[in-house]
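See below for the structure under consideration.
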Amino acid sequence: MVGFLIRKFVKNYTDHASSKVRSGVGKLLGYVGIFFNLFLFITKYIVGVLVNSISIRADAINNLTDAGSNIISIVSFYIAEKPADEGHPYGHERTEQITSIFVGITIAFLGFETAKESIVHIIHPEPIDFKWSAVFVLVISIVVKLYMYFYNARYGKRYNSTLLIANATDSRSDTIGTLGVLVATILSPILHFQLDGYMGLIVSGIILYSAYGLLREVTSSLLGEAPDASMIHDIANEILKCAQVISVHDVLVHSYGPNKIYATAHAQVDGRKNIMEVHGDIDKIERKVKEDMDINLTIHVDPILLDDTQTEMYQTLFDEAIEEAGKGAWTMHDFWIRPRKHRVDVYFDLVVPYEERRNEEELSNAILSEVTIEEPISLFIEIDHPIGLK
């Protein structure tokens, strides 16, 4: 059914990379979610009152809050599809991630409330008036929520939407919760023991765990998680196709949404080449990456002197010093020197593990202590950490 609605109401639905299409699909699924959740709320709440089940009524309230979350999701998709403006030059696509945090908090709140109510019913159990109508409604609820999970997960992955995936997580939690309620409703009369509160406590734990996983994933994305290593290698390989480029390092990727990806990279080139010729070739790479990968790439050119005896000598010295000082865990790149009248200035980027806590001065001293040369050296290093490329 959902597939039919998408084909009928979302223009260009096959364009999975389009922000407008993703928003259209998200809004449509939001309206579908409102319909399903209101239907489940009404039917379950009525049955919960009739059979005197706190877990069924709590499950119904959860569906009502889900309908509210769907409304917020629809609004966020409207905002996310807005183009970049003066105040937001990178667009509004991160609205989806912000709303996903709200969904995660809502799920966590539900988990806490369910746990609180469950403890009360463990201490003061109340008998459940078993009716087959309750079983029927709960089974229908499980089927509907499973369907909602599958279509949200499917289209969330297809259109790269964190918000749809968050809604899928919510539906999965609801399915598990309702399944627990169903088990308690059936077994309590058979065992002559009120499982309602105990099952509610188990379900609350599952819900809280789902909320934790969702919030951890979304906040990690907002904080700036490490990009996929394959993306970094694809960018580097595209740059290396240019005959001017000798090596690539410091490839950094910044995402402001599925279709707002910016990247920077350093490319080493022969310092004796014509700068205008190098600039032209680098510019072609940036345009090609934009066309082929939809990534806004900026390349910083690092000129190096090839076949320079003095540079090669100092680079060998510092390669050995870094190997010894770092116990094999450090590397360097972008090495160059500037001979002065009474000293040699040495520049390079030092790549150290994230666990390394010494500052720049301490690391410089550790390296210089391993350099065996009489000529005075002034060392200037930039501290880097390994990201994607090794």
Side-chain angles (χ1 to χ4, degrees), residues 232-233 235-253 263-286 289 297-390:
I232 292 182
H233 280 280
I235 294 172
N237 289 336
E238 195 63 45
I239 297 173
L240 286 171
K241 290 179 182 178
C242 176
Q244 301 273 17
V245 176
I246 299 169
S247 66
V248 178
H249 59 88
D250 284 354
V251 180
L252 303 176
V253 178
T264 57
H266 287 227
Q268 290 189 328
V269 301
D270 188 343
R272 298 185 179 91
K273 291 290 185 71
N274 181 282
I275 190 170
M276 296 303 293
E277 181 182 342
V278 172
H279 177 270
D281 289 346
I282 292 296
D283 196 49
K284 290 178 183 176
I285 299 171
E286 292 173 342
V289 169
L297 174 64
T298 301
I299 301 174
H300 173 80
V301 174
D302 291 329
I304 61 173
L305 292 178
L306 298 177
D307 303 322
D308 181 77
T309 304
Q310 190 177 17
T311 299
E312 291 177 355
M313 181 193 72
Y314 275 93
Q315 185 162 0
T316 300
L317 281 173
F318 277 90
D319 271 332
E320 294 172 352
I322 288 170
E323 177 70 21
E324 187 65 28
K327 309 300 182 185
W330 301 352
T331 59
M332 72 171 178
H333 56 72
D334 199 13
F335 183 94
W336 62 287
I337 64 172
R338 178 181 289 174
R340 303 284 192 176
K341 187 175 182 180
H342 299 296
R343 72 175 195 273
V344 174
D345 292 346
V346 177
Y347 303 82
F348 59 82
D349 291 359
L350 180 68
V351 183
V352 299
Y354 285 96
E355 296 76 22
E356 178 60 65
R357 298 306 179 198
R358 282 176 286 182
N359 60 33
E360 188 175 297
E361 182 179 356
E362 291 171 327
L363 294 174
S364 295
N365 291 336
I367 295 170
L368 287 173
S369 67
E370 301 293 340
V371 176
T372 56
I373 190 171
E374 294 182 359
E375 190 170 9
I377 293 173
S378 293
L379 181 59
F380 303 90
I381 64 173
E382 291 286 340
I383 305 301
D384 277 351
H385 298 292
I387 302 179
L389 292 177
K390 296 185 177 179

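Worth saying up front: this structure is predicted, and the values here are computed from it rather than measured. Positions are given from 1 along the sequence.
Put simply, the side chain of E320 does not reach to within 4.5 Å of the side chain of V371, judged on heavy atoms. Side-chain contact check for D281 versus V269: every heavy-atom pair is 4.5 Å or farther apart. In this structure, L306 and I246 have side chains that are in contact, with non-hydrogen atoms separated by less than 4.5 Å.
Atom CG of L305 sits about 11.0 Å away from atom CD of Q315, to the nearest 0.5 Å. With rounding to the nearest 0.5 Å, the separation of OG1 in T331 from CG in L350 is 7.5 Å. Expressed to the nearest 0.5 Å, how far CD1 of I337 lies from CE of M313 amounts to 7.0 Å. To the nearest 0.5 Å, the span separating CD1 on I383 from CG on L363 amounts to 4.5 Å. Here the straight-line distance linking atom NE2 of H342 with atom OG of S378 works out to 12.5 Å at 0.5 Å rounding. Of the inter-residue distances, the one linking I235 atom CD1 with T264 atom OG1 reads 9.0 Å to the nearest 0.5 angstrom.
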message = Evaluate E370 against E323 for side chain to side chain contact (heavy atoms under 4.5 Å, CB included), listing each step before the verdict.
response = CA-CA 9 Å; E370 301 293 340; E323 177 70 21; over 6 Å; no

message = If you apply the rule side chain to side chain contact (heavy atoms under 4.5 Å, CB included), what do you find for Q244 with I282, and how did you get there?
response = CA-CA 8 Å; Q244 301 273 17; I282 292 296; 5.7 Å; no

Pair R358-E356, side chain to side chain contact (heavy atoms under 4.5 Å, CB included): steps then yes or no = CA-CA 6 Å; R358 282 176 286 182; E356 178 60 65; 2.9 Å; yes

task = Determine, stepwise, if the pair V248 / N237 fulfils side chain to side chain contact (heavy atoms under 4.5 Å, CB included).
result = CA-CA 9 Å; V248 178; N237 289 336; over 6 Å; no

inquiry  = I'd like to know whether H249 forms a side chain to side chain donor-acceptor pair (under 3.5 Å) with D302, so could you lay out the CA-CA distance, the side-chain angles of the two residues, the decisive distance to 0.1 Å, and finally the verdict.
reply    = CA-CA 10 Å; H249 59 88; D302 291 329; 3.0 Å; yes

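Ring-plane geometry between F318 and F335 is classed as tilted, the angle between the planes lying from 30 to 60 degrees on a 0 to 90 degree scale.
When every heavy atom of M332 is checked against every heavy atom of I322, the shortest pair comes out as SD-CD1, 3.4 Å. The nearest pair of heavy atoms linking Q310 to V344 is NE2-CG2, 4.1 Å. When every heavy atom of V352 is checked against every heavy atom of H385, the shortest pair comes out as O-ND1, 3.0 Å. Heavy-atom minimum distance, S247 versus V245: O-CG1, 3.5 Å. P353 and A329 get closest at one heavy-atom pair: CD-O, 3.8 Å. Scanning both residues, E238 and V289, for their nearest heavy atoms gives CG-CG2, 3.7 Å.
Side-chain atoms of H333 and D384 form a donor-acceptor pair, as typed in the model, at a separation below 3.5 Å.
For CD1 of I275, the number of neighbouring non-hydrogen atoms (other residues, nucleotides, ligands) closer than 6.0 Å is 12 at most. Few gaps surround CD on E277; more than 12 heavy atoms of other groups in view lie less than 6.0 Å from it. Within 6.0 Å of CD on E375 lie more than 12 heavy atoms contributed by other residues, nucleotides or ligands. Annotation for H300: atom NE2 counts as buried by contact number, over 12 foreign heavy atoms lying within 6.0 Å.
For the side-chain contact (heavy atoms from CB on, under 4.5 Å) with V346, the qualifying choice from I367, T311, L379 is L379, the only one to do so.
For the pair E362 (side chain) and N359 (backbone), a donor-acceptor distance under 3.5 Å is present.
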